[in-house]
Amino acid sequence: MRRIAARIADGVNIRSGPHLADLVDVVALERQGRDDPFEVSVFDRLDPTHPLGGDVEHLGRLGVAARTLFVSPPYPLDVV
């Protein structure tokens with residue numbers, strides 16, 4: 001799906017996990033040589049212990065431009 005999105009879409013949302021860097025690399029490889037706008041975003045769990053809800057610096061280094069966060073119970077309403 002990531003390869004198809006890299007060829008015909010203007011972005012892709014990838015679920016975060018242990019192979020995230022590899023999945024982002026697949027998209028980058030498929031997009032090599034293209035200059036049309038494309039955004040990689042990540043679907044990730046909110047980390048209520050982190051001031052930004054997760055390690056955004058790491059995601060930025062991978063080339064991720066945005067995050068969609070989900071919250072798991074118990075819901076930390078003061079953080080959300």
Trainee: Atom CZ in Arg3, atom CG in Leu29: separation rounded to 0.5 Å?
Mentor: 8.0 Å
Trainee: Under 3.5 Å, is there a donor-acceptor pair between the side chain of Arg34 and the main chain of Arg7?
Mentor: yes
Trainee: Between atom CG of Leu52 and atom CG of Leu46, what is the distance when rounded to the nearest 0.5 Å?
Mentor: 10.5 Å
Trainee: In Å, rounded to the nearest 0.5 Å, how long is the span from CZ of Arg2 to CG of Asp22?
Mentor: 10.0 Å
Trainee: Can you establish whether the number of heavy atoms outside His50 located under 6.0 Å from its atom NE2 is more than 12?
Mentor: yes
Trainee: Look at the side chain of Asp44 and the backbone N and O of Ser16, then say whether any donor-acceptor pair between them is shorter than 3.5 Å.
Mentor: no
Trainee: Compare all side-chain heavy atoms of Asp10 with those of Pro37 and state whether any distance is below 4.5 angstrom.
Mentor: no
Trainee: Does Ile8 belong to the same Ile/Leu/Val/Met/Phe/Trp/Tyr cluster as Met1, with side-chain heavy atoms less than 4.5 Å apart forming each link?
Mentor: no
Trainee: At what distance, to the nearest 0.5 angstrom, does CZ of Arg45 lie from CZ of Arg67?
Mentor: 11.5 Å
Trainee: What heavy-atom pair brings Arg31 and Ala9 nearest, and what distance separates the two atoms?
Mentor: NH1-O, 4.5 Å
Trainee: Taking transitive links into account, so neighbours of neighbours count too, which hydrophobic residues share a cluster with Ile14 at under 4.5 Å side-chain distance?
Mentor: Val12, Leu20, Leu23, Val24, Val27, Phe38, Val40, Val42, Leu59, Leu62, Val64
Trainee: Can you see which heavy atom on Gly11 is nearest to which on Ala5, and at what distance?
Mentor: O-CB, 4.0 Å
